[in-house]
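See structure below.
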2 protein chains.
Amino acid sequence: MTKYTIRKTDINKALKQADIICKRNGLRLTKLRQDVLSLILKEGGYVKAYDLLDELKKIDPSAKPPTIYRTLDFLLEHGFIHKLQSLNAFIGCSHPQDHKECYFLICNNCQKIEECCSKKINNVIKNTTSKNNFVPDQAVLEIAGTCQQCLN
Amino acid sequence: MTKYTIRKTDINKALKQADIICKRNGLRLTKLRQDVLSLILKEGGYVKAYDLLDELKKIDPSAKPPTIYRTLDFLLEHGFIHKLQSLNAFIGCSHPQDHKECYFLICNNCQKIEECCSKKINNVIKNTTSKNNFVPDQAVLEIAGTCQQCLN
DNA sequence: TTAGTTATGTTATAATATAACATTTATTTA
DNA sequence: TAAATAAATGTTATATTATAACATAACTAA
């Protein structure tokens with residue numbers, strides 16, 4: 001079990017890492033993309049697209065829905081963020097180089113998100129798909145419930 | 001691995017089963033709820049809420065978005081259907097008495113959905129949550145990719 | 001039978017997301 | 001380096017998904 005939780009101190013690290021990955025892969029981490037990624041990372045938890053748009057407008061008043069959705073698409077495509085399908089929300093990824101899929105624990109009480117990626121989960125997905133002769137492209141695993149802290 | 005796929009011939013069975021479950025649990029399977037469940041089951045694959053609304057309007061022209069969403073909520077709550085979070089769509093359940101959670105294989109090519117529920121998946125989810133001291137309420141697992149038939 | 005609850009009707013609007021086309025900026029190549 | 005190409009962003013409009021709020025009707029239990 002590997003736990004990842006983004007800390008404020010890790011934001012710059014994550015931004016630098018994104019920069020490196022982009023350079024290595026011939027991707028353009030434009031100011032807009034940096035700004036949006038930075039806003040998402042700063043948030044700490046998950047963000048809704050239109051809340052993010054409101055934040056972005058403080059930097060660039062001309063920003064509009066396609067501005068944010070296109071940027072989110074870029075960041076998603078290259079693994080810098082993930083989409084939480086059951087919340088229609090987005091969250092930064094602290095380890096974009098490690099893997100494509102991320103699995104999440106979502107606390108219904110405090111809204112905190114915990115990544116819960118593990119090889120065991122990867123394996124059970126692999127076994128499930130291979131038994132069905134199914135070639136997986138993307139796996140979404142989101143477990144909602146109550147986190148440790150909220151249980152006390 | 002248990003595979004479930006709804007066949008046309010199973011629709012009536014599923015409707016009757018829903019009826020029995022409702023009676024047993026003091027739930028009211030009203031005409032509206034039956035109609036909507038029937039429309040979803042007849043579809044075979046997944047349905048979008050507004051497409052369903054269009055179908056329902058043929059039976060009840062006064063149907064409006066809240067009509068369909070409230071009915072979907074009832075059907076979801078009692079496990080007669082499931083929501084595919086990554087598609088914003090709904091699909092009938094052929095075995096509502098068996099379990100609450102359903103896991104899905106989603107073919108990006110032919111749009112066919114296959115349930116892929118298994119104890120192994122249940123177990124890995126249990127292990128993941130217990131290691132995190134997390135009390136799960138609902139698990140979403142949706143694996144998108146290419147199905148067997150579409151590979152040929 | 002009337003009080004309470006559950007379900008439905010209805011209007012309006014909120015929240016999420018994309019299509020389509022114009023313009024600008026970066027990259028490639030002649 | 002200039003022109004051609006590709007990639008990113010700007011902009012308008014609209015599509016899609018979902019819920020709030022309040023009125024009425026239908027069932028249920030006392």
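Sequence lines set the chain letters: A, B, ... in the order given, protein chains first and strands last, and positions in each chain run from 1.
Mapped onto DNA chain D by nearest heavy atom, Pro65(A) and Arg28(B) fall at different nucleotides, with Pro65(A) at the one closer to the 5' end. Along DNA chain C, the nucleotide closest to Lys31(B) and the one closest to Pro66(A) are compared, and the more 5′ of them pairs with Lys31(B).
Computed from coordinates, the Asp60(A) CG to dT9(D) C1' distance equals 10 Å when rounded to whole Å. Rounded to a whole Å, the CZ atom of Arg33(A) is 11 Å from the P atom of dG10(D). Rounded to an integer number of Å, the gap from CG of Leu53(B) to C1' of dT10(C) is 13 Å. The distance from atom NZ of Lys64(A) to atom C1' of dA8(D) is 15 Å, rounded to the nearest whole Å. As a whole-Å value, the separation of Asn25(B) CG from dT28(D) C1' is 17 Å. In this structure, CG of Leu72(A) is placed 15 Å from P of dA8(D), rounded to the nearest angstrom. Atom pair Leu29(B):CG and dT8(C):C1' shows a separation of 15 Å (rounding to whole Å applied). Atom-to-atom, CZ of Arg70(A) to C1' of dT11(D) comes out at 9 Å; the value is rounded to the nearest Å.
The Thr67(B) side chain lies nearest to dG9(C) when the options are dT9(D), dG9(C), dT18(C). Set against dT18(C), dT8(C), dT11(C), the side chain of Tyr69(A) has dT18(C) as its closest nucleotide. Closest to the side chain of Asn88(A), from the set dA7(C), dT16(C), dT11(D), is dT16(C). When distances are taken from the side chain of Thr30(B) to each of dT11(D), dT8(C), dT16(C), the shortest belongs to dT8(C). Of all nucleotides listed (dA17(C), dT17(D), dT27(C)), dA17(C) comes nearest to the side chain of Phe90(A).
Lys83(A) comes within 4.0 angstrom of the backbone, heavy atoms only, and of no base.
Of the residues listed (Val140(B), Ile113(B), Val47(B)), the one engaging Leu84(B) in a side-chain contact (heavy atoms from CB on, under 4.5 Å) is Ile113(B), and it is the only one. Thr71(A) pairs in a side-chain contact (heavy atoms from CB on, under 4.5 Å) with only one of the listed residues (Leu32(A), Ile40(A), Asp35(A)), which is Leu32(A).
Between the side chain of Tyr50(B) and the base of dA15(D) there is no donor-acceptor pair of N/O atoms closer than 3.5 Å.
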Does Asn122(B) form a side chain to side chain donor-acceptor pair (under 3.5 Å) with Tyr103(B)? I'd like the steps, not just the answer.
CA-CA 10 Å; Asn122(B) 290 338; Tyr103(B) 315 123; 2.6 Å; yes
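Between Phe90(B) and Tyr69(B), the ring planes are perpendicular. Angles over 60° get that label, and only those under 30° would be called parallel.
Side-chain N/O atoms of Glu115(A) and His82(A) include no donor and acceptor closer than 3.5 Å.
Contact check, Ser62(A) against dT11(D): a side-chain N or O comes under 4.0 Å of OP1 or OP2. The side chain of Lys48(A) places an N or O atom within less than 4.0 Å of a non-bridging phosphate oxygen (OP1 or OP2) of dT16(C).
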